[in-house]
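Okay, structure first, notes after.
Every chain is numbered from 1, with letters handed out A, B, ... down the list of sequences. Only this structure's heavy atoms are used, side chains among them; waters, hydrogens and symmetry mates stay out.
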Number of protein chains: 2
Amino acid sequence: MDDSDSFELSTFTPFLLNQAAEAQSDVFSPNYRDRYGMLRTEWRVLFHLGRYGNLSAKEISDRASIHKTKVSRAVRALEEKRFLARATSPEDRRSERLSLRPPGEEAFRVLTGAAQDYEAALVRKLGRRDTQKLKDLLLKLQD
Amino acid sequence: MDDSDSFELSTFTPFLLNQAAEAQSDVFSPNYRDRYGMLRTEWRVLFHLGRYGNLSAKEISDRASIHKTKVSRAVRALEEKRFLARATSPEDRRSERLSLRPPGEEAFRVLTGAAQDYEAALVRKLGRRDTQKLKDLLLKLQD
DNA sequence: TCTTGTTAGTTACAAAAGCAACTAACATCC
DNA sequence: GGATGTTAGTTGCTTTTGTAACTAACAAGA
């Protein structure tokens with residue numbers, strides 16, 4: 001058998017990664033979608049603000065590797081939901097300080113709880129060592 | 001510190017998976033995008049036909065877990081590139097047998113080669129054992 | 001044969017993402 | 001101070017995806 005015959009799709013890592021990422025997203029996305037009408041990017045932005053405090057859109061974009069236009073739209077959506085407030089930064093008026101408002105903080109708590117439950121279920125499924133191993137490898141993959 | 005403080009984004013698996021999947025796709029996608037003007041779904045459909053022989057759209061959809069509308073559009077795009085041919089199935093006229101034409105087979109060979117190179121680079125980066133471990137865990141995640 | 005239900009594949013419309021161009025604010029250099 | 005370049009964020013337009021409705025073919029039971 002030649003090379004192309006022996007090359008199984010199930011061994012092609014980008015494909016596996018994509019499948020796994022979509023499958024996991026399908027499992028978790030109902031938490032933010034059904035309950036708060038949020039998109040994935042909105043959930044990620046909310047998470048960053050809740051976890052790391054007030055940030056600018058640029059900082060979120062850099063930290064989370066999300067394109068600035070996606071962040072811009074997510075911020076507007078979260079603002080319309082009254083989940084966050086914007087305040088022009090005094091030292092640089094191009095930039096805006098984003099901060100969660102009480103409903104946003106509440107959503108952050110609920111979703112973070114769901115995320116922890118999700119992780120706990122993952123540990124039950126893969127075991128603690130393998131779960132950690134998976135994360136380590138995924139992190140290593142990003143360099 | 002309370003729970004929400006201690007929950008790091010970098011430990012949330014769906015986020016890590018998504019980041020890693022996007023990063024790997026950014027690395028590999030130029031192979032099919034720049035050279036053949038293909039989208040990811042087209043590459044996946046091409047791969048299935050090249051690797052597993054003639055299939056129907058439904059079979060590809062099931063095997064690859066790609067929604068039938070995405071498969072339908074990818075098949076049309078590949079047809080327009082003269083990469084595949086359709087033939088109504090004799091035993092069920094709703095279904096179409098899809099088969100690669102010579103240019104499609106050529107693209108399949110080229111891209112499969114690139115995929116093998118990609119995997120080889122991954123093994124150099126993570127090591128053979130860890131690469132296999134990663135794949136095993138990703139597969140296990142999909143149940 | 002005539003319902004009733006299911007399946008393969010396509011299409012139409014809406015939602016979302018990607019990309020480039022834009023504005024306004026800053027920074028630097030002369 | 002004025003020209004030049006850069007940065008934060010937004011907007012407009014195009015491409016791609018998601019969802020639901022649709023057609024045509026099949027299947028099975030009365």
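By the criterion of side-chain heavy atoms lying less than 4.5 angstrom apart, applied directly or through intervening Ile, Leu, Val, Met, Phe, Trp or Tyr residues, B:Val110 is grouped together with B:Val45 in one hydrophobic cluster.
For the atom pair B:Leu122 CG and B:Thr131 OG1, the distance stands at 4.5 Å (nearest 0.5 Å). B:Ser65 contributes atom OG, which lies 12.5 Å from atom CD1 of B:Ile60 (distance to the nearest 0.5 angstrom). One distance of note links OG of A:Ser89 with CZ of A:Arg94; it measures 10.0 Å at 0.5 Å rounding.
Summarising the geometry, the separation between CD1 on B:Ile66 and P on D:dT16 is reported as 16 Å, rounded to the nearest angstrom. Computed from coordinates, the B:Glu22 CD to D:dT16 P distance equals 16 Å when rounded to whole Å. In this entry the distance linking CD1 of B:Ile60 with P of C:dT10 reads 11 Å, nearest Å.
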Contact letters for nucleotides 4-11 of chain D, in which S counts primed atoms plus P, OP1 and OP2 and B counts the base, heavy atoms under 4.0 Å: ---BSBBB
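For B:Arg124, the side-chain contact (heavy atoms from CB on, under 4.5 Å) partners two or more places apart in sequence, or in a different chain, are B:Ala120, B:Ala121.
Between B:Lys58 and B:Asp62 there is a salt bridge, with a side-chain nitrogen of the basic residue lying less than 4.0 Å from a carboxylate oxygen of the acidic one.
Side-chain N or O atoms of A:Gln19 include none that pairs as donor or acceptor with a backbone N or O of B:Leu138 at under 3.5 Å. Side chain of A:Ser61 to main chain of A:Ile66: a donor-acceptor pair is present (N/O by atom type, distance under 3.5 Å, no hydrogens or angles).
Near DNA chain C, meaning a heavy atom under 4.0 Å away, there are no residues from residues 77-84 of chain B. Across residues 23-42 of chain B, B:Leu39 each have a non-hydrogen atom less than 4.0 Å from an atom of DNA chain D (numbered order).
In terms of phosphate contacts, A:Lys70 brings no side-chain nitrogen or oxygen within less than 4.0 Å of OP1 or OP2 of C:dA16.
The salt bridge (charged side-chain N to carboxylate O under 4.0 Å, His left out) analysis of residues 74-83 of chain B, with sequence neighbours excluded, yields the pairs B:Glu42-B:Lys81, B:Glu79-B:Arg86. Screening residues 118-139 of chain B for ring pair (Phe, Tyr, Trp, His ring centres under 6.0 Å) gives A:Phe12-B:Tyr118, B:Phe28-B:Tyr118 as the qualifying pairs, with residues at least two apart or on separate chains.
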